[in-house]
Number of protein chains: 2
Amino acid sequence: MPPLNRSRIVAAAIDLIEREGADAVSMRRIAADLEVGVMSLYNHVPNKSALLDAVSETILSEVEFTDDPAAPWTGRVRMQAQAFRQIAHTHPRSTMVVVSRQLKSAAGMLPVERALSTLREAGFGEQEAVQIFRVFIAYVIGSLLREVGVTPTFAPVHGAIRPGDVDPELFPEIGALAPHLSACDHEAEFDFGLDLLIEAIAGRLAQRTT
Amino acid sequence: MPPLNRSRIVAAAIDLIEREGADAVSMRRIAADLEVGVMSLYNHVPNKSALLDAVSETILSEVEFTDDPAAPWTGRVRMQAQAFRQIAHTHPRSTMVVVSRQLKSAAGMLPVERALSTLREAGFGEQEAVQIFRVFIAYVIGSLLREVGVTPTFAPVHGAIRPGDVDPELFPEIGALAPHLSACDHEAEFDFGLDLLIEAIAGRLAQRTT
DNA sequence: CTCCCGTACGTACGCTGTACGTCTCGACAG
DNA sequence: CTGTCGAGACGTACAGCGTACGTACGGGAG
């Protein structure tokens, strides 16, 4: 058994979250998984909150933000958004942990820097770039949280709508659209909204330069 | 002191969340606020999870979803999204509780029904309406969570970026745009993205009918 | 050798949700 | 009036939580 260290603790935490969900995370549980006393963890991690920050940081730094500065900005922002969505695939149950912690470290800032520089190079003004960035952040995070089931408003996490669940008198549309509400190709839906946003922003840019 | 009942418990829970945050909510704390034994709560509420569901339901049912079926769909969608955002104003610290709980009750379904029927009346197909609905949900929820500070990725909840916080060598854009990143008119930014989405969708609709 | 410090660990405190048993009090049947 | 009964309030108890604190050990420095 190698000596206890910070990265082993973080790895155990991520593993635990993915196996049993973020609610299952406790210092005692992690220590048990590592076959170690609870308080030994505190030699390498100051507290639980910092451990979750480290989890977020680790996952974020694994995302591959490949970027081709020569490509058109529309493709670049699409790639960046899709790269971010990879988190929902590689670490679905950790997604909420990742997005709910503000990281001041390089791992947290790099995606922001990349996105902002892409938008600036595309020709957007300072305030404009920030606004557009925030719109994308909101959409991407909202999509991720729906996909992983944190904000379950009619995304079928576990077979959402059963017949008899809704009264067709009161909610005719929900009843009629139930089959579509129960199925969801997350990737296709994500790309649909993403392209919609990019298209709208490209429209604004074109309209202004003419 | 009126007799204990479910609605007084829910009101106390909401009050506690708004005063001290969702993490401060515990059955003991609520009972203390009501000057009542802890276990008395369980005569009116089956468990804590159901209590939080009731909190979500109560807040959601207070949102005023006024809708004018005669107005153009673009305005109706905008109104509905803005009505939803009211939650972030009336109950900021409860927002995460509201959006993270799937409600099968009327209070939870009504906004969905309204939105879907608006989109259907606008002429969108079944699958299309659901997709567009999901895009709006993602954007609205992402915006709300940023506004109330749950997903704090560079929205200034409490003065985000202090000078010296970022290395201008590594993150030139973040450094240059720091003033804009530190300030945020939530309403204006929300409307900016909302109009962007509506504009893009209207474009698709127009393009198809020609 | 001694000293010292970092690491591992046990114990303990105050907190959590809630299962269970008990007590009290008002309503109603006889 | 009295006996019964049900509902609601409440105390106790248990398992689990984060973590402050004290202790023990093992290896490098002097």
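Letters A, B, ... are given to chains in the order of the sequence lines, protein chains preceding strands, and every chain is numbered from 1. Computed from heavy atoms alone, side chains included, the values below leave out hydrogens, waters and symmetry copies.
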Engineer: Specify the separation, in whole Å, of atom CZ of R29(A) and atom C1' of dT19(D).
Structural biologist: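 Checked: the CZ to C1' distance equals 19 Å.
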Engineer: Inspect the surroundings of CZ in R204(B) and state if more than 12 heavy atoms from other residues, nucleotides or ligands are less than 6.0 Å away.
Structural biologist: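 Atom CZ in R204(B) is packed in, count exceeds 12.
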Engineer: So L103(B) and M109(B), do their side chains get closer than 4.5 Å, heavy atoms only?
Structural biologist: no
Engineer: Specify the separation, in whole Å, of atom CD1 of I30(B) and atom C1' of dC15(C).
Structural biologist: 15 Å
Engineer: Send over the distance from Y42(B) OH to dA7(D) C1', rounded to a whole Å.
Structural biologist: 19 Å
Engineer: Salt bridge between R114(A) and E173(B), side-chain N to carboxylate O under 4.0 Å?
Structural biologist: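 Here R114(A) does not pair with E173(B) in a salt bridge, since their nearest N and O are not under 4.0 Å apart.
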Engineer: Over how many whole Å does the gap from M27(B) atom CE to dC14(D) atom P extend?
Structural biologist: 21 Å
Engineer: Please report the closest heavy-atom contact between L116(B) and A129(B), naming both atoms and the distance.
Structural biologist: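 Reported closest heavy-atom pair: CD2-O, 4.2 Å.
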Engineer: Please name the residue in the list V55(B), I59(B), T58(B) that meets the side-chain contact (heavy atoms from CB on, under 4.5 Å) test with V98(B).
Structural biologist: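 Among the candidates, only I59(B) passes.
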Engineer: Reading nucleotides 4-13 of chain C 5' to 3', which nucleotides get B (base under 4.0 Å from a protein heavy atom), which S (sugar-phosphate only), which -?
Structural biologist: ---SBBBBB-
Engineer: Is it true that a side-chain atom of E18(B) and a backbone atom of S94(B) form a donor plus acceptor pair closer than 3.5 Å?
Structural biologist: yes
Engineer: Please report, rounded to the nearest Å, how far the C1' atom of dT18(C) is from the CG atom of L51(B).
Structural biologist: 14 Å
Engineer: Please state how far atom NZ in K48(B) lies from atom P in dC17(D), giving the value in whole angstrom units.
Structural biologist: 15 Å
